[in-house]
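Accompanying notes for the structure given below.
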Amino acid sequence: MRLHAVNTVKKLVLISGISGLSYYAGRQSIENKLESCQKETKNLLSKPALPIFSTVSAAALIPRNETFDKPAIIPKENRIVQIMRYGFPSLDNVRSFDDFVLSYDRRMRTAAWVFEHLTAESVKHNDAVDRAKCDFKPDESIHPFFRADNSDYKKSGYDRGHLAAAGNHKREQRHIEQTFYLSNISPQVGVGFNRDSWNRLERYVRKLTKTFRNVYVCTGPLYLPRKEANGKLYVKYEVIGSSNVAVPTHFFKVVVCEDADGKLELESYVMPNEVISDDTPLENFRVPPESIERAAGLLFFDKINRKMLSKINGKKL
DNA sequence: TTTCTTGT
């Protein structure tokens, strides 16, 4: 890269989401990112030649349904800062919703990860919120080449399984509705997985808010290699519908809980996307977070001060 | 309680 271009690229990296430069962006604090994003967006607005509407990660740090015409792009109390407090697992195709953040994997037609922040208040039952009123819908913010449609899932034999669980977003009707965008959905085995053991894991994570004041959850698909008859390893996954939506072989959850003293406990799980017996204890699915990072190509909770981490998968450090 | 699909 030519030297004179470097400064411009540095300025653009937060807006354009050039993944190869994520190291630079990753070193900045979230606050700096937002400040910088806000500043650069304003700069860009005065330069109509730059294609700000077609860049992907411009959507990342700017809440949906905010138009670029309004001067106040970043609200003061930013929910996204709260959700992403401990770092972004990656910076590819990041987009934020009102109560969760996701990174979209265009090739797989589903998310690479979704991030949520849960509290006792945010998951408590709310009569005003009705799941039955929600419809699964294509995410129109994704380019049609890479977008999943309801027809892809129809008669596929798979459930439209939430990554950010609907049950985690009952504070407002608007919040739960946004979890039904197909960018937050992956093909999941229904009976025996989505409706059973995976749901059991989701309920367990919600229950953690009873003992911890803050719960941070990262969820995503995995496509793990498997040994075939010739002894070699292959990554093999089914694709469904005319969009070829990838069917993940596994799903992960990495959870960080913060207690009243600010001490942090981490738990990480991998479950195969297949029928799992209901009597299998959830602890059986615990795996070291490093192995999920390697398999997924992600880095979780990058910004956690290791001194604050007291437990990993139940083991004291 | 929450997670869904299919058929009418």
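Quick note on labels: first sequence line is chain A, next is B, and so on, each numbered from 1.
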Among Val217(A), Leu102(A), Asn184(A), Ile185(A), side-chain contact (heavy atoms from CB on, under 4.5 Å) partner for Leu163(A): Asn184(A)

Contacting residues from residues 110-126 of chain A, given that a heavy atom lies under 4.0 angstrom of DNA chain B: none

Nearest-angstrom distance from the residue atom CG of Asp135(A) to C1' of dT3(B): 16 Å

Touch class at under 4.0 angstrom, heavy-atom based, for Gly190(A) against every strand present: nothing

Sugar-phosphate, base or nothing in reach of Glu202(A), heavy atoms under 4.0 Å: sugar-phosphate

Donor-acceptor pair (no angle test) under 3.5 Å: Asn199(A) side chain, dT2(B) base: yes

Ser156(A) to Tyr158(A) - nearest heavy-atom pair and separation: OG-N, 3.0 Å

NZ/NE/NH1/NH2 to OD/OE distance under 4.0 Å, Glu267(A) and Lys311(A): no

Aromatic ring proximity Phe115(A)/Phe301(A), centre distance under 6.0 Å: yes

Check: Gly192(A) main-chain N/O paired with Arg195(A) side-chain donor or acceptor under 3.5 Å: no

Length of the line joining Phe193(A):CZ and dT2(B):C1', which is rounded to integer Å: 15 Å

Atom-pair distance (CG on Asp127(A); C1' on dT2(B)), nearest Å: 16 Å

Sugar-phosphate, base or nothing in reach of Lys170(A), heavy atoms under 4.0 Å: sugar-phosphate

Whole-Å gap separating P (dT3(B)) and CD1 (Ile185(A)): 11 Å

Check nucleotides 5-8 of chain B for protein N or O atoms closer than 3.5 Å to its own N or O atoms and list the pairs.
{"from": "dT5(B)", "atom 1": "OP1", "to": "Arg160(A)", "atom 2": "N", "distance (Å)": "2.9"}
{"from": "dT5(B)", "atom 1": "OP1", "to": "Arg160(A)", "atom 2": "NE", "distance (Å)": "3.1"}
{"from": "dT5(B)", "atom 1": "OP2", "to": "Arg160(A)", "atom 2": "NE", "distance (Å)": "3.4"}
{"from": "dT5(B)", "atom 1": "OP2", "to": "Arg160(A)", "atom 2": "NH2", "distance (Å)": "2.9"}
{"from": "dT5(B)", "atom 1": "O4'", "to": "Arg195(A)", "atom 2": "NH2", "distance (Å)": "3.2"}

His117(A) and Tyr216(A) aromatic ring geometry - parallel, tilted or perpendicular at 30°/60° bounds: tilted

Pair Phe252(A) + Phe300(A): ring centers closer than 6.0 Å: yes

Close aromatic pair by centroid cut-off 6.0 Å: Phe136(A) and Tyr153(A): no

Asn194(A) or Arg203(A), whichever maps to the more 5' nucleotide of DNA chain B: Arg203(A)

Sugar-phosphate, base or nothing in reach of Arg206(A), heavy atoms under 4.0 Å: sugar-phosphate

Integer-rounded Å distance: dT3(B) C1' and His169(A) NE2: 15 Å

NZ/NE/NH1/NH2 to OD/OE distance under 4.0 Å, Lys133(A) and Glu177(A): no

